[in-house]
Colleague: 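For reference, the structure I am asking about is given below.
Note that ligands are numbered from 1 as they come in the structure, with each ligand's atoms numbered from 1 the same way. Residue numbers run from 1 in the order of the sequence given.
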Amino acid sequence: MSEGRIPLAGVIGHPVAHSKSPTLHGHWLKSYGLAGHYIPMDVAPDDLEVVLRSLPKAGFVGANVTVPHKEAALRLADNVSDRAQKIGAANTLVFREDGAIHADNTDGYGFMENLRSGAPDWTPGDGPAVVFGAGGAARAVLQALVEAGVPKIMLTNRTRTRADKLKDEFGQTITVVDWVQAGNVIEDAELVVNTTSLGMQGQLELRVPLDGLQPGAVVTDLVYAPLKTHLLQTAEEAGCTVVDGLGMLLHQAVPGFESWFGVRPEVNLDLRAAVLS
Ligand code: ATR
């Protein structure tokens, strides 16, 4: 970026009005007193490439990408981080001085940081994890859990073939369990993760039987509206450590902000309050 130009960044989605990223990054820009702007950009899929190629020329230093552009952004990028490649999608783009687009995916990082801060006593080697769901969010969670060295991951999804495909991609630590059997493996889990949309406001509830939850287990839900899902409520009553999903959204934003604006921002209660308001 040329000397003296105010750095610009934003989130590209379609639609994008629901995105909390402008509030989040806006809060950090203000708290650190930085010159910079972060805006929502509603871009139709057909226009993504031309927009991405134009943004660096307009002073943009990078962007987040969200639904439905995460896979396309990965394909369009000039270079790609290993974790984005593994997940098969990008959520954070950094524009180099020459306009080249670097694609990263910080969702797995955000998931793991949220877990580490919400359940500091949990370590990846503690024992098996159970993961519900086999969509895009599950890919980021699996990348993080496999990389962290969780010894066994029991993956269960309504559509079994999607889980089988993830086992093929993410390796032998994954055991696929039929959706109707999900309740039976929970008692072996040190960590339980919901990556499905079940339990989200306006969606159906997660109906997996939860009586097997062990009091020492850590339970986390990627759903953050409501903050305390039925899964987390039940887990709390069973004596588990529960970690809500909002922190993942906050933590995944850290590496992008640092690359674009040059300050590694803190995830704290002020940020949570700003995003919830
Ligand atoms: P995301 O990128 O958020 O993961 P996705 O790729 O659409 O979104 O995946 C949604 C996940 O929620 C999937 O695991 C999906 O199960 P299927 O693969 O069987 O579709 C799961 N899901 C959504 N609605 C569900 C329902 N009513 N019952 C069970 N699982 C459901």
Side-chain angles (χ1 to χ4, degrees), residues 11-16 18-21 45 48 64-75 83-92 103-112 114-115 129-146 153-170 174-186 189 191-210 219-227 229-232 234 244-253:
V11 53
I12 303 174
H14 186 64
V16 81
H18 64 282
S19 173
K20 295 192 183 295
S21 293
L48 182 67
N64 287 121
V65 276
T66 188
V67 181
H69 298 311
K70 290 177 141 190
E71 289 82 11
L74 188 81
R75 284 195 301 274
R83 60 192 181 185
Q85 191 72 53
K86 193 78 198 160
I87 295 168
N91 75 338
T92 303
D104 191 10
N105 193 316
T106 63
D107 284 335
Y109 161 86
F111 168 76
M112 196 52 82
N114 186 38
L115 201 54
V130 171
V131 176
F132 302 140
R139 298 183 68 92
V141 167
L142 292 177
Q143 178 268 323
L145 293 179
V146 170
I153 301 167
M154 291 173 278
L155 180 64
T156 181
N157 191 51
R158 174 180 61 178
T159 310
R160 185 180 164 117
T161 47
R162 288 185 92 187
D164 289 335
K165 188 167 171 288
L166 291 189
K167 177 187 165 71
D168 290 345
E169 279 184 57
F170 286 86
I174 295 175
T175 301
V176 176
V177 176
D178 274 336
W179 187 238
V180 288
Q181 299 289 331
N184 300 340
V185 289
I186 282 184
L191 174 68
V192 176
V193 187
N194 176 39
T195 77
T196 74
S197 47
L198 295 171
M200 197 183 288
Q201 256 157 29
Q203 304 278 330
L204 296 171
E205 273 302 343
L206 179 75
R207 294 209 182 280
V208 172
L210 299 170
V219 180
T220 185
D221 201 327
L222 269 52
V223 170
Y224 58 82
L227 266 182
T229 58
H230 170 70
L231 169 66
L232 295 187
T234 310
D244 72 49
L246 184 62
M248 175 173 169
L249 175 77
L250 308 182
H251 283 284
Q252 63 75 34

Colleague: D107 and side chain to side chain donor-acceptor pair (under 3.5 Å): which single residue from R139, H251, K70 fits?
Modeller: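 Result: among R139, H251, K70, K70 is the only option passing the side chain to side chain donor-acceptor pair (under 3.5 Å) with D107.
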
Colleague: Would you mind finding which of R139, Q203, R158 brings a heavy atom closest to atom 27 (N) of ligand 1?
Modeller: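 Checking each option, the heavy atom nearest atom 27 (N) of ligand 1 is found in R158.
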
Colleague: How close does the nearest protein non-hydrogen atom get to atom 23 (C) of ligand 1, and which residue and atom is it?
Modeller: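 Looking at atom 23 (C) of ligand 1, the protein heavy atom closest to it is S197 OG, 3.5 Å.
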
Colleague: In ligand 1, which numbered atoms sit nearer than 4.0 Å to a non-hydrogen atom of A137?
Modeller: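 Once the distances to A137 are compared, the set is 1 (P), 2 (O), 4 (O).
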
Colleague: For the side chain of N157 and the backbone of R162, is there at least one donor-acceptor N/O pair under 3.5 Å apart?
Modeller: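 A pair under 3.5 Å: no.
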
Colleague: If only atom types and distance count, is the side chain of T92 paired as donor or acceptor with the main-chain N or O of D104 below 3.5 Å?
Modeller: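 No; zero donor-acceptor contacts below 3.5 Å.
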
Colleague: Between the side chain of N91 and the main-chain N/O of T106, is any donor-acceptor distance below 3.5 Å?
Modeller: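 Yes, the answer is positive, given that a donor and an acceptor are paired below the 3.5 Å cut-off.
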
Colleague: Show, in sequence, the C-alpha distance, side-chain angles and deciding distance for W179 and T159, and conclude whether the side-chain contact (heavy atoms from CB on, under 4.5 Å) test is met.
Modeller: CA-CA 8 Å; W179 187 238; T159 310; over 6 Å; no

Colleague: Is there a side-chain contact (heavy atoms from CB on, under 4.5 Å) between Q252 and Y109 once you walk through the steps?
Modeller: CA-CA 6 Å; Q252 63 75 34; Y109 161 86; 5.6 Å; no

Colleague: Go through the steps for F132 and L198 under the test side-chain contact (heavy atoms from CB on, under 4.5 Å), then give the verdict.
Modeller: CA-CA 10 Å; F132 302 140; L198 295 171; over 6 Å; no

Colleague: Before accepting this row, confirm whether a basic side-chain N of the pair E169/K165 lies closer than 4.0 Å to the acidic partner's carboxylate O.
Modeller: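 Counted as a salt bridge, because a side-chain N and a carboxylate O are separated by less than 4.0 Å.
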
Colleague: Using a strict 4.0 Å cut-off to heavy atoms of L204, name the atoms of ligand 1 that fall inside it.
Modeller: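 Numbered from 1, ligand 1 contributes 27 (N).
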
Colleague: Should F132 be listed as contacting ligand 1, given a heavy-atom distance under 4.0 Å as the test?
Modeller: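 Under 4.0 Å: no for F132.
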
Colleague: Taking heavy atoms and a distance under 4.0 Å, where does L198 meet ligand 1: side chain, backbone, both or neither?
Modeller: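 Side chain only.
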
Colleague: Can you list the atoms of ligand 1 that are under 4.0 Å from a heavy atom of R162?
Modeller: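 That gives atoms 6 (O), 9 (O), 13 (C), 17 (P), 18 (O), 20 (O) of ligand 1.
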
Colleague: Considering only heavy atoms of W179, which atoms of ligand 1 have at least one such atom less than 4.0 Å away?
Modeller: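 Heavy-atom distances to W179 below 4.0 Å select 29 (C).
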
Colleague: Is any N or O atom of T196, backbone or side chain, closer than 3.5 Å to an N or O atom of ligand 1?
Modeller: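 By distance alone, the answer is no.
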
Colleague: Below 4.0 angstrom from a heavy atom of G133, which ligand 1 atoms are there? Numbered from 1 as shown, please.
Modeller: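 Those qualifying, in numeric order: 14 (O).
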
Colleague: For atom 6 (O) of ligand 1, which candidate among A89, A140, G135 holds the nearest heavy atom?
Modeller: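 Closest candidate by heavy-atom distance is G135.
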
Colleague: Counting only nitrogen or oxygen atoms and a 3.5 angstrom limit, does A134 reach ligand 1?
Modeller: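 By distance alone, the answer is yes.
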
Colleague: When you measure from atom 19 (O) of ligand 1 to every protein heavy atom, which one gives the shortest distance, and what is it?
Modeller: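 Sorting protein heavy atoms by distance from atom 19 (O) of ligand 1 puts T159 OG1, 2.5 Å first.
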
Colleague: Show which atoms of ligand 1 fall inside a sub-4.0 Å distance from at least one heavy-atom site of G136.
Modeller: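 Reading through ligand 1 atom by atom, the close ones are 1 (P), 2 (O), 4 (O), 6 (O).
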
Colleague: Return yes if a side-chain donor-acceptor contact under 3.5 Å exists between S21 and N64, otherwise no.
Modeller: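 Note: S21 and N64 side chains miss the donor-acceptor criterion.
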
Colleague: Please confirm whether the backbone N or O of L246 pairs with a side-chain atom of D244, one donor and one acceptor, at under 3.5 Å?
Modeller: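 Such a contact is found between D244 side chain and L246 backbone.
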
Colleague: What protein heavy atom sits nearest atom 14 (O) of ligand 1, and how far away is it?
Modeller: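 For atom 14 (O) of ligand 1, the nearest protein heavy atom comes out as N157 OD1, 2.6 Å.
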
Colleague: Does atom 16 (O) of ligand 1 have any protein heavy atom closer than 4.0 Å?
Modeller: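 It does: a protein heavy atom is found less than 4.0 Å away from atom 16 (O) of ligand 1.
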
